[in-house]
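Structure, as structure tokens:
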Number of protein chains: 2
Amino acid sequence: MSTQTQSEWAEHALAALADAGYRRGGARTAVVEALAEHDCAVTALDLDEELRRRKPAVGRASVYRALEQLEQLGLVQRIEVCRGTAGFERIDPTGHHHHHAICRDCGKMVPFEDQSLEKALAQVAGTMPFDVTEHDVVLRGRCEHCAR
Amino acid sequence: MSTQTQSEWAEHALAALADAGYRRGGARTAVVEALAEHDCAVTALDLDEELRRRKPAVGRASVYRALEQLEQLGLVQRIEVCRGTAGFERIDPTGHHHHHAICRDCGKMVPFEDQSLEKALAQVAGTMPFDVTEHDVVLRGRCEHCAR
DNA sequence: ACGCTTTTGAGAATCGTTCTCGTTACCCGA
DNA sequence: TCGGGTAACGAGAACGATTCTCAAAAGCGT
Ligand SMILES: [Mn+2]
Ligand SMILES: [Mn+2]
Ligand SMILES: [Zn+2]
Ligand SMILES: [Zn+2]
């Protein structure tokens, strides 16, 4: 079930933050919980809006700070959703993930998975003079609606 | 020879602009010529700096404008080089292209090509409810130097 | 050369993101 | 349980890349 996985990720993330020596703070926890509810990329400002209207309102700075810390710990991945804005998506500890096709006209984002693509990426990564830890793949074009 | 290909691209781009109904303007031509000289991604501000100190100085706005028009016509591809800045790279009319591995610590960018990766991408693109016209692939990690 | 339209560039405006800094909340040790 | 030392927080300022504005300066068909 999806809800199960989500709360598992939140637990996982909070535990990882604790292990990394972070104190337990309300704002950061709120960001983790909000991220857990999204199955695909959200922007920092979307999260900000969601969290601003909370009992103790979460500040913009805290949202960005938490996202950066989560990214640093490999709990969240940043992807370019559109012109100059970053999207954030939780990283499943099992390594299971998806990529996106994005419509250049309306911005619609469709996730996809492909095992042979992953295989090809892994192989290429092995030949690079780099310690490759992640990869971004984005297919760009027009969605069925915008393609007319 | 590389220089040959570069001027060919400039010709190609200028012709395409003309076909699209654009008048021949000095600033835009300068941007095309500057792009032709780069084999890998450059930022708009890098181009701006290169072109600002010209006989008739090219303005920042013109650089961005030209890049947008070139992108629209499929003559240039935009890629995310680092946190919030776009890189621009000319698109070879033959479809020949490369992708990049980027160091998260120093920003070093290494280009690579891989035929089986392209094959996997083409296959995935075919299964999407999208008219996919291009794709971005970025490998992220640490370069040999930063990996210690 | 004329007149209409596109192109151009300096500077202002935007917008996402990051920084600053005084206040608040944790956490650990006494 | 009670500080005291630090980490976390949030409001707002600062930033940097990109976009917008608008008046002046070219193109181009006639
Ligand atoms: Mn993948
Ligand atoms: Mn490719
Ligand atoms: Zn669309
Ligand atoms: Zn490096």
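Chain A is the first sequence line, chain B the second, and so forth, proteins listed ahead of strands; every chain is numbered from 1.
- Side-chain nitrogen and oxygen atoms of A:Tyr64 include none within less than 4.0 Å of the OP1 or OP2 phosphate oxygen of C:dT18.
- Comment: A:Arg54 does not engage A:Glu50 in a salt bridge, judged by the lack of any side-chain N to carboxylate O separation of less than 4.0 angstrom.
- Within residues 70-89 of chain B, no residue places a heavy atom under 4.0 Å from DNA chain C.
- Spacing between atom CD of A:Glu49 and atom P of C:dT17 amounts to 14 Å, rounded to whole angstrom units.
- Interface residues of residues 26-38 of chain B facing DNA chain C, ordered by number: B:Gly26, B:Ala27, B:Arg28; criterion, heavy-atom separation under 4.0 Å.
- Between the CZ atom of A:Arg53 and the C1' atom of D:dG10 there is a distance of 18 Å, rounded to whole Å.
- The hydrophobic cluster containing B:Val138 also includes B:Ile79, B:Val81, B:Ile102, B:Met109, under a criterion of side-chain heavy atoms closer than 4.5 Å among ILVMFWY residues, counted directly or through chains of members.
- Here the side chains of A:Leu139 and B:Phe130 are not in contact, with every heavy-atom distance at 4.5 Å or above.
- In terms of heavy atoms, A:Ala30 sits closest to A:Leu51 at O-CD2, 4.0 Å.
- Distance alone, capped at 3.5 Å, is enough to place a donor-acceptor pair between the B:Arg28 side chain and the B:Arg23 backbone.
- Between atom CG of residue B:Leu45 and atom OG1 of residue B:Thr85 there is a gap of 8.5 Å, rounded to the nearest 0.5 Å.
- Here D:dT18 presents its P atom at 10 Å from CG of B:Asp46, a figure rounded to the nearest Å.
- When only modelled atom types and interatomic distance are considered, B:His97 and B:Glu118 share a side-chain donor-acceptor pair under 3.5 Å.
- The CG atom of B:Asp136 sits 10.0 Å away from the NE2 atom of B:His100 when rounded to the nearest 0.5 Å.
- Per the geometry, CZ belonging to A:Arg52 stands 12 Å off C1' belonging to D:dG10, to the nearest Å.
- Atom P of nucleotide D:dG10 and atom CG of A:Leu67 are separated by 13 Å, given to the nearest angstrom.
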Can you list the steps and then say if A:His98 with A:Cys40 is a side-chain contact (heavy atoms from CB on, under 4.5 Å)?
CA-CA 9 Å; A:His98 60 255; A:Cys40 205; 3.7 Å; yes
Nucleotide N/O to protein N/O under 3.5 Å, stretch nucleotides 27-30 of chain C:
unit_1 : atom_1 : unit_2  : atom_2 : d
C:dC27 : OP1    : A:Arg24 : N      : 3.2

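- Distance, B:Leu47 CG to C:dG9 P: 14 Å, rounded to whole Å.
- Between A:Val137 and A:Asp114, the closest side-chain pair of non-hydrogen atoms is not below 4.5 Å.
- Side-chain atoms of A:Phe88 and A:Val63, non-hydrogen and from C-beta on, never get closer than 4.5 Å to each other.
- Between A:Glu80 and B:Arg140, no side-chain nitrogen of the basic residue sits less than 4.0 Å from a carboxylate oxygen of the acidic one, so the salt-bridge criterion is not met.
- The pair B:Glu134-B:Arg78 does not count as a salt bridge, with every side-chain nitrogen at least 4.0 angstrom from each carboxylate oxygen.
- Note on the helix from C:dA1-D:dT30 to C:dA30-D:dT1: angle between the axes of the first and last five pairs equals 30°, rounded to 10 degrees.
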Under-3.5 Å N/O pairs linking protein and nucleotides 20-23 of chain D:
none

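- Put simply, the side chain of B:Arg90 gets close to the backbone of B:Ala36: a donor and an acceptor are under 3.5 Å apart.
- Remark: A:Glu89 CD to A:His99 NE2 distance equals 9.5 Å, nearest 0.5 Å.
- When side chains are defined from C-beta on, B:Leu73 does not count as touching B:Gln69, because their heavy atoms never get closer than 4.5 Å.
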